[in-house]
There are 2 protein chains.
Amino acid sequence: MAKKIDRALVADTALRLLNEVGLEGLTLRAIAKELDVKAPALYWHFKDKKALLDEMATVMLRRMNADLGELPARWQDAIATAMRGLRAHLLRYRDGAKVYSGTHFTDMSYADPMERHLRTLTGDGFTPAGAARAWFTASSYTIGYVIEEQAMGPDPVKGGEGYDLAARAERLAAYPLAVAAGEEMFRDHDRGFEEGLAAVIAGIGVTLRGS
Amino acid sequence: MAKKIDRALVADTALRLLNEVGLEGLTLRAIAKELDVKAPALYWHFKDKKALLDEMATVMLRRMNADLGELPARWQDAIATAMRGLRAHLLRYRDGAKVYSGTHFTDMSYADPMERHLRTLTGDGFTPAGAARAWFTASSYTIGYVIEEQAMGPDPVKGGEGYDLAARAERLAAYPLAVAAGEEMFRDHDRGFEEGLAAVIAGIGVTLRGS
DNA sequence: CTTGACAACTTAACAACGTTAAGGAGACTC
DNA sequence: GAGTCTCCTTAACGTTGTTAAGTTGTCAAG
């Protein structure tokens, strides 16, 4: 009841609430109520709502890095593991990718894991610039993928009704490839992500390594 | 003064205004004022604000497809041209990528160009599913890239002061690769996009073609 | 002409939002 | 025991998306 409130607790509570109400429903008053506090109290800990969202993204990143453990030795596995972890953590929260993307982090906890990942790449034939480019390219793919994934609604293959593919097929009867593409894109996001990720990593090896 | 207002005019005006005020400043009252009309009038043409944003994204897509012309014959060039066009149109508007991503289109004008692009791929050794995966992978990369690009602010190489790289380098003195990565990522977005795109396309050729 | 209907707006108002100003309770210091 | 600092409350402001109800213009039917 009379718990001590600090930045970490606010951000954690906000992330929990995010899963229940989504980004639209994530108001300062709702977060405050969850903390048994009135809305203006949050302004003691954060200068405005954007600062709170930045902190939430930073907490997501910290948790992701905490899950990291030993890095794989092969650079392909290092990138693949990191991107799977990134996607998994973005998917843990409703609209997680939207919250994460385009915020900038409130501390430097990202630097150490990033340095280790980049060192794996440079130790394997990448120039520093090439490693950075590889990292940014894979991250862009992952974030873009998850944004679309979360915007599409629940994965139909996992039970939930995400999108009416039959109706879509009827509207697009004149465009058979577009129909097939829809069925490819709306089904089984896990497999789809892996296929795209494999392509991105393979391409990084071909065009970015050693340049 | 007494122009006829319809959905297309509203969406076009909103897109123009977007460049002046950004997504945060894009209120219904501001859009209405631009049209010499009061805010509730917009509800005659759109059921709510989200429907207007969907229409804006659709207009962006239509303009993109209008710029399309003859498709390149090689599948690599088809994807590269399409993704450069996508990025260029997302960049035409402030927060363009955020508006575009995660909205769903209000008509079927996307189907015909998509079908033609996919046909280029299937005519070049891709299965329908492989072509769809290739398309979605490249689009995810492009959208993710532009979201980060627009969130980072203006390209420092083009004059504007986007981000203080010197201060960043000082904070991260213990992490030399992360410093180098920052300089790679914050400079010259055009070249960075091309390098990542080349990697993605190369990887698509290796892992997705003929499967 | 008048009537009536429909389309395209206006005026007025609502609840909810982010945010600020001012103040109060409780603990810690000198 | 007075003063200061931290952390929160109460009250309020201006804006936002949105709804309800009424007004104007247009046009066809009788």
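Order of the sequence lines sets the chain letters (A, B, ...), proteins ahead of strands, with each chain counted from 1. Hydrogens, waters and symmetry mates play no part in the numbers below; they use all other heavy atoms, side chains included.
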- Would you sort out whether A:E183 and A:R168 count as a salt bridge (Lys or Arg N to Asp or Glu O under 4.0 Å), showing the intermediate values? CA-CA 10 Å; A:E183 289 173 6; A:R168 189 191 129 102; over 6 Å; no
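Atoms CZ (A:R7) and P (D:dC8) sit 14 Å apart, rounded to a whole Å. Put simply, CG on B:L52 is 14 Å from C1' on D:dT18, counting in whole angstrom units. With rounding to whole Å, B:F46 atom CZ is found 15 Å from D:dG17 atom C1'. Computed from coordinates, the A:L35 CG to D:dC8 C1' distance equals 13 Å when rounded to whole Å. Atom CG in B:L42 sits roughly 13 Å away from atom P in D:dT19 (whole-Å rounding). Taking atom CD1 on B:I31 and atom C1' on D:dT16, their separation rounds to 12 Å, with Å as the unit. One atom, OH of A:Y43, and another, P of D:dT10, lie 17 Å apart when rounded to the nearest Å. Regarding B:E24, its CD atom lies at a distance of 11 Å from the C1' atom of C:dG18, rounded to whole Å.
Remark: aromatic rings of B:F193 and B:Y141 are close, center separation under 6.0 Å.
In this structure, the side chains of A:M83 and A:W135 come closer than 4.5 Å at one or more pairs of heavy atoms.
For B:H45, no side-chain nitrogen or oxygen approaches OP1 or OP2 of C:dA7 to under 4.0 Å. When the side-chain nitrogen and oxygen atoms of B:W44 are compared with OP1 and OP2 of C:dC9, none of them lie within a distance under 4.0 Å. Phosphate proximity of D:dC8 to A:K38: absent, as no side-chain N or O sits under 4.0 Å from OP1 or OP2.
Heavy-atom nearest nucleotides on DNA chain D were determined for A:R29 and for B:K50, and the one closer to the 5' end corresponds to A:R29. The residue among A:K47 and B:P40 whose nearest nucleotide of DNA chain C lies closer to the 5′ end is B:P40.
Side-chain proximity of B:D48 to C:dG18, D:dT18, D:dC8: nearest is D:dT18.
A:F126 and A:W75 have perpendicular rings, their planes meeting at more than 60° on a 0 to 90° scale where under 30° would count as parallel.
Checking side-chain atoms of A:T207 against main-chain N and O of B:A198 turns up no donor-acceptor pair under 3.5 Å.
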